[in-house]
Amino acid sequence: MTTSPYAPTPELPAPDALARIALEAATDAALLILDRSRSGVAATKSSATDVVTDMDRQAQELLAQTLHAARPEDAFFGEEGGSAAGSSPITWVVDPIDGTVNYVYDIPAYAVSVAAVTGDVHTPGAWRPVAGAVVNPVSGERFWGATGTGAWRQRGRHTAMRMRVSTQADLGLSLIGTGFGYDAEQRARQAGALTAILPRVRDIRRFGSAALDLCHVADGTLDGHYEEGLNPWDMAAGWLLVTEAGGRVENRDGGDPEKAMTIAGGACFSHLAELVRTAP
Ligand code: IPD
């Protein structure tokens, strides 16, 4: 018998166990964010309007500690820097406050996003979420899911409901979310595309948290969402939730979503993708 040249395939932990860890970690971070008074801008990142607050850093620190305590063998990759290598196939990809500008302005549309992914998260198309959770600290809405076990939403103490994407197939009657980057040149381009898209849909919404937008595609509140410039931490958990809720999340060419473009949707997905593809 020939000896296999390969190492044994590492066992993937049950995805629903990962979803539970993601949900607990995101909930603890949401409680921290809620408990402390709002913190102001601590620094700027890619541009003067791309801000980070002390709370982003504190919440990420808490997420790193909680996830490490639960699964010390996993890698970690957070929006606010501080990545750590691991020895398991899982990387935790976290955004401690997705929608930081809303947080700074006290607009209650921001969320903690936590995803367990496999593959190389630094290479577009080479990674995939297997479980995730998104928690809005102010509304008390929690979203979670794992590969093959569905996507769920719970409002406060109400019973959790299984999410399903919208069945609206007519793009002209579809409510579509989007977002804009922090870079002025990118924004000008996004505004150009918007002039082609806006007349063809019911309306556009820009809530300011891509993680929540994707949750709202998953629960059918939005019929679709498209956005250029999203990073893995903005969309990893939401991507999993939309697909588990029966929808699609892709880039412009039908591949995995990436920074160049993320398109998500329920029944209107193909029409939305075609419109985004052909927009200037
Ligand atoms: C931002 C939000 C926003 C999106 C931006 C993101 P941040 O995340 O998700 O909705 O339009 O592209 O960068 O910076 O608040 O974590």
Side-chain angles (χ1 to χ4, degrees), residues 26 29-30 33 38-61 63 77-83 92-115 121 124 129 132-139 141 143 175-191 193-194 197 204-218 221-222 224-242 249 251 257-264 276:
I33 293 166
R38 267 184 310 130
S39 65
V41 170
T44 56
K45 298 190 282 185
S46 61
S47 77
T49 49
D50 182 5
V51 294
V52 57
T53 69
D54 282 333
M55 186 54 83
D56 287 86
R57 290 171 174 162
Q58 286 176 44
Q60 177 161 312
E61 186 51 37
L63 288 168
F77 181 50
E79 177 179 18
E80 311 311 339
S83 55
W92 292 99
V93 178
V94 312
D95 190 340
I97 304 181
D98 183 66
T100 303
V101 173
N102 283 345
Y103 171 74
V104 170
Y105 280 76
D106 206 11
I107 297 169
Y110 52 89
V112 182
S113 177
V114 176
V121 73
V134 176
V135 176
N136 179 334
V138 189
S139 73
E141 274 185 313
F143 307 86
L175 188 62
I176 303 298
T178 191
F180 309 110
Y182 293 113
D183 171 69
E185 224 172 87
Q186 183 188 22
R187 283 186 174 185
R189 203 172 49 246
Q190 288 171 323
L194 192 58
I197 293 168
I204 287 287
R205 291 291 180 271
R206 197 291 194 245
F207 293 120
S209 162
L212 283 178
D213 289 337
L214 290 171
C215 290
H216 290 136
V217 173
T221 308
L222 286 173
H225 180 87
Y226 76 94
E227 185 162 354
E228 178 195 342
L230 294 186
N231 287 293
W233 52 78
D234 298 314
M235 47 107 140
W239 170 12
L240 183 277
L241 297 176
V242 173
V249 187
N251 67 7
E258 53 174 323
K259 194 158 187 162
M261 184 54 74
T262 296
I263 308 167
V276 170

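First listed ligand is number 1; within each ligand, the first listed atom is number 1. This chain uses plain numbering: 1 for the first residue, then up along the sequence.
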With atoms numbered from 1 as shown, which atoms in ligand 1 lie under 4.0 angstrom from a non-hydrogen atom of [X]?
X: Ser209; value: 9 (O), 10 (O)
X: Gly179; value: 11 (O)
X: Asp95; value: 16 (O)
X: Glu79; value: 14 (O), 16 (O)

Checklist entry - Is ligand 1 under 4.0 Å from a heavy atom in the side chain of Asp234, in the backbone, in both, or in neither? => result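 The part of Asp234 near ligand 1 is the side chain, not the backbone.
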Checklist entry - Looking only at heavy atoms, is any part of Arg206 under 4.0 Å from ligand 1, and if so is it the side chain, the backbone, or both, or is it neither? => result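 Only the side chain of Arg206 comes within reach of ligand 1.
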Item to check | Stepwise side-chain hydrogen bond (donor to acceptor under 3.5 Å, both in side chains) test for Asn251 and Glu258 | outcome: CA-CA 6 Å; Asn251 67 7; Glu258 53 174 323; 2.9 Å; yes
For [X] and [Y], work out which heavy atoms get closest and say how close.
X: Gly229; Y: Gln186; value: CA-NE2, 3.6 Å
X: Trp233; Y: Val94; value: CB-O, 3.4 Å
X: Pro257; Y: Val249; value: CD-O, 3.6 Å

Next on the checklist: Counting C-beta onward and ignoring hydrogens, is there a side-chain heavy-atom pair between Asn231 and Phe77 closer than 4.5 Å?
Outcome noted: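 Not in contact.
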Checklist entry - Is the shortest heavy-atom distance from the side chain of Phe207 to the side chain of Leu212 under 4.5 Å? => result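 The answer is no; the side chains never approach within 4.5 Å.
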Checklist entry - Taking the non-hydrogen atoms of Tyr182, is any one of them nearer than 4.0 angstrom to ligand 1? => result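 Judged by the 4.0 Å heavy-atom criterion, Tyr182 does count as contacting ligand 1.
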Checklist entry - Does Asn231 have a heavy atom less than 4.0 Å from any atom of ligand 1? => result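 No, that is not the case, since the closest heavy atom of the residue is not under 4.0 Å from the ligand.
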Flag [X] as yes when one of its N or O atoms lies below 3.5 Å from any N or O atom of ligand 1, and as no otherwise.
X: Gly229; result: no
X: Ile97; result: yes
X: Gly208; result: yes
X: Leu230; result: no

Next on the checklist: With a 3.5 Å distance limit and no angle check, can you tell me whether Thr178 reaches the backbone of Tyr226 through a side-chain donor-acceptor pair?
Outcome noted: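 Yes.
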Checklist entry - Between Asp98 and Ala211, is there a donor-acceptor pair closer than 3.5 Å when you use the side chain of the first and the backbone of the second? => result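 Between the backbone of Ala211 and the side chain of Asp98 there is a qualifying donor-acceptor contact (under 3.5 Å).
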Item to check | Residue and atom name of the nearest protein heavy atom (relative to atom 4 (C) of ligand 1), distance in Å to one decimal | outcome: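 Here the closest protein heavy atom is Glu227 OE2, 3.0 Å.
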Checklist entry - Of the protein's non-hydrogen atoms, which lies at the shortest distance from atom 8 (O) of ligand 1, and what is that distance? => result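 Ranking protein heavy atoms by distance from atom 8 (O) of ligand 1, first comes Asp98 OD1, 3.0 Å.
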Item to check | Candidate pair Asp56 and Thr100, rule side-chain hydrogen bond (donor to acceptor under 3.5 Å, both in side chains), full reasoning | outcome: CA-CA 8 Å; Asp56 287 86; Thr100 303; 3.1 Å; yes
